[in-house]
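Here's the structure, in structure tokens; my notes come after.
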Amino acid sequence: MKINPYQPDQSGMAYSVGTTLDRFIKFKQSDFPFASGELSQLLRDIALAAKIVNRETNRAGLANIGGAFGQTNVQGEEQQKLDVIANIRFMRALSKGGEVCAIVSEEEDAVIDLKNKSGKYVVAIDPLDGSSNIDVNISIGTIFSIYRRKTPLGSPIQMEDIMQPGSEQVAAGYVLYGSSTMLVYTTGFGVNGFTYETSLGEFFLSHPQIKAPKSGKIYSINEGLELDWQEGIKNYIDECKAKRYAARYIGSLVADFHRNLLKGGIYLYPATKNNPNGKLRLLYEANALAFIAEQAGAKATDGKSRILDIVPDSLHQRTPLLIGSEEMVDQAIKHIEKSKISATV
Ligand code: F6P
């Protein structure tokens, strides 16, 4: 049999390996009018750092890089060794790439000004989210947001370049280090997911144009905090239980979000008595996932406003987060609003 290398293989001898992330990014570059390729290169830099972090997380149990680092980050949370390693990997990739002028990281107290006169982009990143799960071999993730700087190229970085609402993101994504490693991202033209093929060292398009189910039967929330929830959240979760929805909570935001995005569901980290602004960070957790959610037809709110409309006033600002299938988020909002009305009458 003669095999035509340019046609889909009928023989089964040389199946196509699919579309690599690099090739996909290259083809999609034309989605951006006036794009000069820097954003594409930046996405490639992030993918490269993700491959390295994937390697480190996979050998964590063998290489004495599990466990606590012995310091706390600016949030007062104990840093894990892999938090620190992932931060170094992403910082290095972003600063060496040349496209970025400033970085906000969960692991850094202040903005990192790269003093890069030709860098158009600002990146907000949580290099390793859910890192307390590392030592027990449970999925963890990287979350990133990319913004175009507001002030002119070459001038010193200003806070207006950093404190942009999520609606200004030009791209956002996450990497899920799970049973397989996936990179999911959007540039505002839908959401695409890529699975890492370890033997080839490449991400391949595996989940083109992800669409979130309008509703679902999964709710994800830390129920241990129930006594500290507001009435509306309590009532919504009671409704989920009455409907016999499944409770699924990994405690790794990326993993919980990813499952609910594909299967239909809602993730909630609401305000609690002790944390009236919730726990999650707006700039490098909520915004990226909210952008992806909306691009996939899902929804994200803090209970009052659309996440992407919130104008940040501090770097490590926290926000309550309700994110997932549109109808479920709407229903949760209804409960919150109803409980407020009944509290005022
Ligand atoms: O970013 C913090 C984080 O680890 C998320 O990944 C996760 O969803 C959440 O905190 C878990 O918080 P808690 O342990 O309070 O449920």
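Ligands are counted one by one from 1 in listed order, and the atoms in each one are counted from 1 as well.
- Partner of N87 under the side-chain hydrogen bond (donor to acceptor under 3.5 Å, both in side chains) criterion, chosen from E106, R92, E108: E108.
- Taking every heavy atom of R281 and a limit of under 4.0 angstrom, the matching atoms of ligand 1 come to 1 (O), 2 (C).
- Proximity of N222 to ligand 1, defined as any heavy-atom pair under 4.0 Å, is confined to the side chain (atoms from C-beta onward).
- For the pair E160 and R149, the salt-bridge criterion is not met [side-chain N within less than 4.0 Å of a carboxylate O].
- Residue-ligand proximity: E106 is placed with every non-hydrogen atom at 4.0 Å or more from ligand 1.
- Close contacts of ligand 1 with G130, meaning ligand atoms under 4.0 Å from a residue heavy atom, involve 4 (O), 6 (O).
- Listed by number with element, the atoms of ligand 1 under 4.0 Å from a non-hydrogen atom of E285 are 1 (O), 2 (C).
- Salt bridge D256/R248: absent, no basic N to carboxylate O contact under 4.0 Å.
- The single protein non-hydrogen atom nearest to atom 12 (O) of ligand 1 is K279 NZ, 2.9 Å, given as residue, atom name and distance.
- Looking at heavy atoms from C-beta onward, I310 lies in side-chain contact with T319 at the 4.5 angstrom threshold.
- Comparing Y269, Y267, Y249 by heavy-atom distance to atom 8 (O) of ligand 1, the nearest is Y267.
- Between L253 and ligand 1, at least one N/O pair is under 3.5 Å apart.
- Using a 4.5 Å heavy-atom cutoff, the side chains of V191 and Q209 are not in contact.
- Closest to atom 6 (O) of ligand 1 among all protein heavy atoms lies D129 OD2, 2.6 Å.
- Between T142 and I125, the closest side-chain pair of non-hydrogen atoms falls below 4.5 Å.
- Between E327 and K214 no salt bridge is recorded (no basic side-chain N to carboxylate O distance below 4.0 Å).
- Residue contacts with ligand 1 for L280 involve side-chain atoms from C-beta outward but no N, CA, C or O (heavy atoms, distance under 4.0 Å).
- Side-chain contact between V184 and H258: present, with at least one pair of heavy atoms (C-beta onward) separated by less than 4.5 Å.
- Interface of G251 with ligand 1, defined as ligand atoms under 4.0 Å from a residue heavy atom, comprises 4 (O), 6 (O), 7 (C), 8 (O), 11 (C).
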